[in-house]
Enquirer: 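Quick one: the structure is below, and I'll ask about it shortly.
In what follows, every chain begins at residue 1, and chains take the letters A, B, ... in the order their sequences are listed.
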Number of protein chains: 2
Amino acid sequence: MSPTPRAGELRWDIIELLFFAYRDFVGDADHELEAFGFGRAHHRVMHFVHRYPGLKVADLLDVLRITKQSLGRVLKQLLDEGYIVQKTGNNDRRQRLLYATAKGEALVGKLAGLQTDRINRAMQDIDPAGQETVRQFLRAMIDRDDPDKVLETIFGSGKKPRE
Amino acid sequence: MSPTPRAGELRWDIIELLFFAYRDFVGDADHELEAFGFGRAHHRVMHFVHRYPGLKVADLLDVLRITKQSLGRVLKQLLDEGYIVQKTGNNDRRQRLLYATAKGEALVGKLAGLQTDRINRAMQDIDPAGQETVRQFLRAMIDRDDPDKVLETIFGSGKKPRE
DNA sequence: CAAGATATGTCAACATGACTGACATAAATT
DNA sequence: AATTTATGTCAGTCATGTTGACATATCTTG
């Protein structure tokens with residue numbers, strides 16, 4: 001009933017830290033992407049296609065939570081410029097399974113390298129147990145109801161797509 | 001020289017967890033904002049004006065890293081609809097110091113409540129030391145060169161703007 | 001005091017990446 | 001054979017970002 005039901009307990013600190021941390025984290029990649037004429041949308045598509053080879057278009061729509069129309073534009077560019085290839089599904093020939101090309105992997109790797117540098121810097125004074133705590137926190141921040149294919153893989157049975 | 005200079009050491013797990021965690025974290029507020037006809041831009045402006053009362057327009061531009069034109073649009077809406085008020089600076093009468101109204105505070109509080117719920121859920125199995133580790137990680141993810149006024153407050157001397 | 005710098009506001013024009021809703025095609029399922 | 005599914009595409013719109021130019025009030029400096 002009261003207008004500010006929990007004035008003292010709001011997590012202002014974490015809310016702001018998340019804002020600034022994410023701003024600078026994606027900023028690393030943004031800078032590099034400009035040189036390719038790409039934006040964040042391209043990065044996200046490239047990232048997930050690289051990490052989960054054979055991803056269907058429908059899966060990608062679920063993961064990115066954007067519309068077909070929005071995805072179509074960036075996907076077409078990435079296909080045209082040879083960063084991604086499509087293969088017709090074996091079982092279901094309507095499906096277009098997506099794979100990163102060598103060119104695509106190089107780009108994703110470069111961007112992941114920049115972000116990894118930042119993460120390593122941030123983790124350097126945190127012991128392995130603490131690093132696992134950070135992972136635990138991030139995992140627990142994610143909605144578990146209605147998980148998409150990628151989240152199922154991440155949470156599912158401990159199995160990872162690569163490495 | 002090699003095309004993928006550190007194939008094995010990239011932090012794919014953290015990179016993806018950050019993506020999903022942030023997606024769902026801002027998703028909480030996005031949903032609520034629709035009811036007000038506002039977007040994320042409005043939320044960010046409201047948040048920082050509320051948290052750092054008397055912020056100058058120039059400070060806000062630094063923090064949000066957007067242009068005057070972009071800020072002007074959303075700020076005008078928030079002023080017109082009574083979520084924020086401007087006061088002329090005492091020392092420098094060119095400055096427009098920004099303050100949240102009661103209406104503005106109510107909105108920010110509501111959104112922060114949603115995000116706090118998610119953070120509390122994520123933190124519930126993490127002990128105080130672990131929670132401090134999470135903060136340490138997030139702080140270390142932020143660029144410290146060229147800090148804006150808000151970051152100076154956050155990092156500066158341990159002093160916090162409120163509470 | 002006059003001149004220049006600064007803080008803010010505003011204009012036009014444009015780009016990106018999201019959206020909706022409709023429709024087309026091919027292939028699978030019933 | 002009819003329906004559903006997976007994908008692609010069209011037209012139009014919106015929110016939020018950009019640049020560059022310019023106006024005004026006010027502060028600072030020579």
Side-chain angles (χ1 to χ4, degrees), chain A residues 19 23 26-27 29-31 33-49 54-80 84-99 148-149, chain B residues 19 22-23 26-27 29-47 49 54-81 84-99 148-149:
Chain A
F19 169 77
R23 179 191 70 175
V26 297
D30 284 350
H31 217 250
L33 284 160
E34 271 185 47
F36 293 83
F38 290 153
R40 276 184 209 178
H42 301 85
H43 183 196
R44 291 195 290 257
V45 170
M46 280 305 312
H47 171 92
F48 285 107
V49 169
L55 211 60
K56 290 184 297 175
V57 170
D59 294 330
L60 212 37
L61 290 174
D62 271 0
V63 173
L64 302 178
R65 301 228 180 127
I66 58 176
T67 56
K68 207 172 15 168
Q69 176 69 306
S70 261
L71 176 59
R73 265 188 310 244
V74 297
L75 191 52
K76 192 170 191 312
Q77 281 182 272
L78 292 168
L79 288 165
D80 288 350
I84 284 178
V85 287
Q86 287 180 328
K87 294 182 185 171
T88 299
N90 292 325
N91 305 327
D92 187 334
R93 289 165 40 87
R94 289 172 304 181
Q95 297 174 349
R96 301 297 136 80
L97 309 184
L98 303 170
Y99 298 87
D148 50 60
K149 189 186 167 184
Chain B
F19 169 78
Y22 197 77
R23 180 191 69 174
V26 296
D30 284 350
H31 217 251
E32 189 66 31
L33 284 161
E34 270 184 46
F36 292 83
F38 290 154
R40 276 185 210 177
H42 302 85
H43 184 194
R44 291 194 289 258
V45 170
M46 280 306 312
H47 171 93
V49 169
L55 211 58
K56 291 184 297 176
V57 170
D59 294 330
L60 211 38
L61 289 173
D62 273 358
V63 173
L64 301 179
R65 302 229 181 123
I66 58 176
T67 56
K68 206 173 15 166
Q69 176 70 305
S70 254
L71 175 60
R73 267 190 307 243
V74 298
L75 191 53
K76 191 171 191 310
Q77 282 182 272
L78 292 169
L79 288 164
D80 287 349
E81 301 187 32
I84 285 178
V85 288
Q86 286 181 327
K87 293 182 185 171
T88 300
N90 291 325
N91 306 328
D92 187 335
R93 290 166 39 87
R94 290 170 304 180
Q95 298 173 348
R96 300 297 136 80
L97 309 184
L98 304 170
Y99 297 88
D148 50 61
K149 189 186 168 186

Enquirer: Without decimals, in angstroms, what is the distance between B:Phe36 CZ and D:dA15 P?
Expert: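 One finds 17 Å between P of D:dA15 and CZ of B:Phe36, rounded.
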
Enquirer: Any side-chain N or O of B:Thr67 below 4.0 angstrom from OP1/OP2 of D:dT18?
Expert: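 Checking D:dT18 against B:Thr67, a side-chain N or O does come within under 4.0 Å of OP1 or OP2.
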
Enquirer: Looking at every strand, decide which applies to B:Glu34 at a 4.0 Å heavy-atom threshold: base, sugar-phosphate, or nothing.
Expert: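 Here B:Glu34 touches no strand at all.
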
Enquirer: Please evaluate residues B:Leu55 and B:Lys149 with respect to the criterion side-chain contact (heavy atoms from CB on, under 4.5 Å), reporting the C-alpha separation (whole Å), side-chain torsions for both, the decisive distance (0.1 Å), and the verdict.
Expert: CA-CA 9 Å; B:Leu55 211 58; B:Lys149 189 186 168 186; 4.3 Å; yes

Enquirer: Closest heavy-atom contact between B:Asp62 and A:Arg23?
Expert: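 Scanning both residues, the minimum pair turns out to be O-NH1, 4.1 Å.
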
Enquirer: In this structure, how many angstroms lie between the P atom of D:dA25 and the CG atom of B:Asp92, rounded?
Expert: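 For the pair B:Asp92 CG and D:dA25 P, the rounded distance is 15 Å.
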
Enquirer: Identify which nucleotide among D:dT7, C:dA12, C:dT8 has an atom closest to any side-chain atom of B:Gln69, counting heavy atoms from C-beta outward.
Expert: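 My answer, after comparing the listed nucleotides, is C:dA12.
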
Enquirer: Students often mix this up, so state it plainly: with edges at 30° and 60°, are the rings of A:His43 and A:His47 parallel, tilted or perpendicular?
Expert: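 Perpendicular.
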
Enquirer: Taking atom C1' of D:dG8 as reference, at what distance in whole Å does atom CD of A:Gln77 sit?
Expert: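 Checked: the CD to C1' distance equals 16 Å.
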
Enquirer: Nearest-Å distance, CG (A:Leu60) to P (C:dA18)?
Expert: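 It works out to 11 Å between those atoms.
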
Enquirer: Quick check: closest heavy atoms across A:Val74 and A:Ala41, and the distance to 0.1 Å?
Expert: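 Between these two residues, the closest heavy atoms are CG1-CB, 3.8 Å.
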
Enquirer: Should the side chain of A:Arg94 and the base of D:dT5 be counted as holding a donor-acceptor pair, with the cut-off at 3.5 Å?
Expert: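 Answer yes: a donor N or O sits under 3.5 Å from an acceptor.
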
Enquirer: For the base of D:dG8, is there a side-chain donor-acceptor partner from A:Lys76 under 3.5 Å away?
Expert: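 Per atom types, no contact qualifies.
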
Enquirer: Any N or O donor-acceptor pair linking the side chain of B:Lys56 to the base of C:dT8 at under 3.5 Å?
Expert: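 No such pair is found, so the answer is no.
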
Enquirer: Both B:Val57 and A:Ser70 contact DNA chain C. Which one's nearest nucleotide lies toward the 5' end?
Expert: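 Final value for this comparison: B:Val57.
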
Enquirer: Go through the N and O atoms of the side chain of A:Arg73 and the base of C:dA18, and report whether any donor-acceptor pair is under 3.5 Å.
Expert: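 Present.
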
Enquirer: What nucleic acid atoms does B:Gly72 come within less than 4.0 Å of, heavy atoms only: base, sugar-phosphate, or nothing?
Expert: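 Answer is nothing: B:Gly72 stays at 4.0 Å or more from every strand.
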
Enquirer: Can you tell me the distance, in whole Å, between the CG atom of A:Asn91 and the P atom of D:dA6?
Expert: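 That distance rounds to 13 Å.
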
Enquirer: Separation of B:Leu97 atom CG from C:dT8 atom C1', in whole Å?
Expert: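 Spelled out: CG on B:Leu97 to C1' on C:dT8 is 12 Å.
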
Enquirer: With respect to the phosphate group of C:dG17, does any side-chain polar atom (N or O) of B:Arg40 fall under 4.0 Å of OP1 or OP2?
Expert: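 Checking B:Arg40 against C:dG17: no side-chain N or O falls below 4.0 Å of OP1 or OP2.
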
Enquirer: Indicate yes or no for a side-chain donor-acceptor contact from A:Arg44 to the backbone of B:Phe19 under 3.5 Å, with no hydrogens or angles considered.
Expert: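 Such a contact is absent between A:Arg44 side chain and B:Phe19 backbone.
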
Enquirer: Return the value, rounded to whole Å, for the distance between atom NE2 of B:His43 and atom P of D:dT16.
Expert: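 My rounded result for the distance is 13 Å.
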
Enquirer: Tell me whether the count of non-hydrogen atoms from other residues, nucleotides or ligands lying under 6.0 Å of CG in A:Asp80 goes above 12.
Expert: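 Correct, the count exceeds 12.
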
Enquirer: B:Lys68 has a side chain; which of C:dT8, D:dT7, D:dT16 sits nearest to it?
Expert: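 Of the options given, the side chain of B:Lys68 lies nearest C:dT8.
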
Enquirer: Closer than 4.0 Å, any side-chain N/O of B:Gln95 to the OP1 or OP2 of D:dC27?
Expert: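 Checking B:Gln95 against D:dC27: no side-chain N or O falls below 4.0 Å of OP1 or OP2.
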
Enquirer: Rounded to whole Å, please give me the gap between CG in B:Leu61 and P in C:dT10.
Expert: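 Between P of C:dT10 and CG of B:Leu61: 14 Å.
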
Enquirer: Tell me which of B:Arg65 and B:Arg93 sits closer to the 5' end of DNA chain D, going by the nucleotide each one is nearest to.
Expert: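 The answer here is B:Arg65.
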
Enquirer: Counting heavy atoms from C-beta on, name the nucleotide in D:dG17, D:dA6, D:dG8 closest to the side chain of B:Ala41.
Expert: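 Output: D:dG17.
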
